[in-house]
Amino acid sequence: MSNQAVQARTTALETRLRVANLNVTFGEGEKAVNVLQNITLEVGAGEFVCLLGPSGCGKSTLLNVLGGFLKPDSGEVVIDGKPVLGPDPRRIFVFQERGVFPWMTVEGNIGFGLFRLTKEEQARRIFYYVNLVGLSGFEKAYPHELSGGMKQRVEVARALAVNPDVLFLDEPFGALDSITRLIMRRELLRIWQKERKTVLFVTHDIDESIQLADRVLVMSTRPATIQRVVDIDIDHPRDISSRHYLDLRDQIFEQIGLAHKV
Amino acid sequence: MKRWQSRISPFLTAVLLLAAWHAAVVWTHTRIFPGPVQVLAGLKDLAGRDLLAGYVRDSLLRVSAGYLAAVALGLPLGLMLGGSPTAAAALNPPIQIMRPISPLAWIPLAIIWFGVGSGAAVFLIFLASVFPIIVATIDAVRSIPPVFRNAGQNFGLPSAMLLRKVIFPAALPQILVGLRIALGIAWLVVVAAEMIAVDSGLGYLIIDSRNAGQRYDLVVAGMLLIGIVGVILDSIMRRIETLKSVRWGFCND
Ligand SMILES: Nc1ncnc2c1ncn2[C@@H]1O[C@H](COP(=O)(O)OP(=O)(O)O)[C@@H](O)[C@H]1O
Ligand SMILES: [Mg+2]
């Protein structure tokens, strides 16, 4: 599909996040590494966008800038009309399973961001999100007693429980085995369809991006630019053996410069 | 090795060592080193004179006082310095210079300041344990993975709450290791402190038994008691490390 179609589709949604001419360089002088170069992108409210690129290209760096954890050297990030100055509970960052607090139970983790609410409301939300991610019965368990997939669900539930507008997910399923990964993708889609958060999902897995996203932003190697935007116009649940799916997959493979044969 | 074997082998070793000790003393007809039988008799003698429990208690009280004071100062200070690079840079030189000074070097000053008595001993124990606690706490806070801090900040916690709910528990496993080592040092020092400054406790027992009548059976009894109490203290600290809220820091799964 053409880039015009992409534009048309995003302008139909209210813009939630806008990034203009973002540049990030690590180090100084001789050792300076230009990691992000002139990144410009827009994400609509409720949209699911994947940032796809090879390892080390700067995906985490970009997501950290969007999340407010890292100041860019130039350019700006605007969310809901306001420049991003730091992390904010309306926009939650989901790290790989490493982000779950190992000293807290499942309940404690999921309720972590709810300290402003009354005890009753906290309990209600914890109950709801424990169920939503299928962890009932494990409320009192500690993370080291859980599998990788369960820990990941705890982190997603902790993020959702504060009812954020935006979720940033940095290769959240990267450390999981391939079966758990598939299940987690389905769960995430189910939750997204139910709650309609704006999602920015970083991955280096081409199939993962096509299975999940409304749009895939393909990033180049360092210094990372957005090489191409691919609109995934397939309804959920997606048939991953359909002609169209395979066409999109081929396009992205070609874009990244990989042959079809191993 | 089978389970029962690993349970039994420490007892076997102990019995063998005691037997070897006994045999060595009997065969050499030594008069200056007591055998296990004499040491046991010495312990009975002490207990009979109602001194044993009192000495152990006094030593433990001094260690508790000095050590708890060191925790009360060292822990908050370490947390603060670990979280603030500027404060740490400013206070680092004095801390690093004080750290390698053996607590025993402080004995003269301790006696001038606190007189000959429990105060001096407690002060020495405090000095011996406070630096390891400060340093271990700073290191523990510094080595918290940034992901925990970021996650904490992301949910908008005020800084006091961030400290209480994220920084402190994230650093706690490593802090506990430091606390355990510091307690070991405190116990090591109580004996030395009691040799110079007080008239009760296990250190006093050792020095007094030698001075008053060459009771080497009591000297060795005192040494054994110190070792046994030390092991008990250490195992209590290790027990704390198995609590669920800190165990994550001690296993790799
Ligand atoms: N804090 C940093 N200081 C210096 N270099 C960094 C830093 N963070 C990331 N980099 C470098 O920036 C590049 C992009 O890193 P990253 O964003 O983590 O890539 P990705 O997430 O796409 O794998 C890498 O070459 C990495 O070494
Ligand atoms: Mg990354």
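Reminder, nothing fancy here: chain letters follow the sequence lines and each chain counts from 1.
- Atom CD of A/E28 sits in a sparse spot, with 12 or fewer heavy atoms from other residues, nucleotides or ligands closer than 6.0 Å.
- Interface residue A/F93: backbone and side-chain heavy atoms are both found under 4.5 Å from chain B.
- A 6.0 Å sphere centred on CG of B/L12 holds more than 12 heavy atoms belonging to other residues, nucleotides or ligands.
- Within residues 229-243 of chain B, no residue has any heavy atom less than 4.5 Å from a heavy atom of chain A.
- Residues B/K244 and A/H144 come closest through the heavy atom pair O-CE1, 4.1 Å.
- In B/R99, the CZ atom is not crowded: 12 or fewer heavy atoms of neighbouring residues, nucleotides or ligands sit closer than 6.0 Å.
- Residue B/L157 touches chain A through both its backbone and its side chain, counting heavy-atom pairs closer than 4.5 Å.
- For B/G156 against A/F115, the heavy-atom pair with the smallest separation is O-CZ, 3.6 Å.
- Taking A/R116, A/M104, A/R91, A/R158 one by one and counting their heavy-atom pairs under 4.5 Å with chain B, the maximum is reached by A/R158.
- No more than 12 heavy-atom neighbours from other residues, nucleotides or ligands sit within 6.0 angstrom of CZ on A/F138.
- When the shell of 6.0 Å around CZ of A/R18 is examined, it contains 12 or fewer heavy atoms from other residues, nucleotides or ligands.
- The nearest pair of heavy atoms linking B/F148 to A/P102 is CZ-CD, 3.5 Å.
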**OP:** Using the side chain to side chain contact (heavy atoms under 4.5 Å, CB included) rule, take A/W103 and B/V166 through it: C-alpha gap first, then chi angles, then the decisive distance, then the call.
**Re:** CA-CA 9 Å; A/W103 56 87; B/V166 179; 4.1 Å; yes
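- Within the model, atoms CZ of A/F101 and NZ of B/K165 stand 9.5 Å from one another, a figure rounded to the nearest 0.5 Å.
- Close approach to chain B, defined as a heavy atom under 4.5 Å from one of its heavy atoms, is seen in A/P87, A/D88, A/P89 of residues 74-90 of chain A, taken by number.
- Scanning both residues, A/F95 and B/A151, for their nearest heavy atoms gives CE1-CB, 3.9 Å.
- Ring planes of A/F112 and B/F155: perpendicular class, angle over 60° (limits at 30 and 60°).
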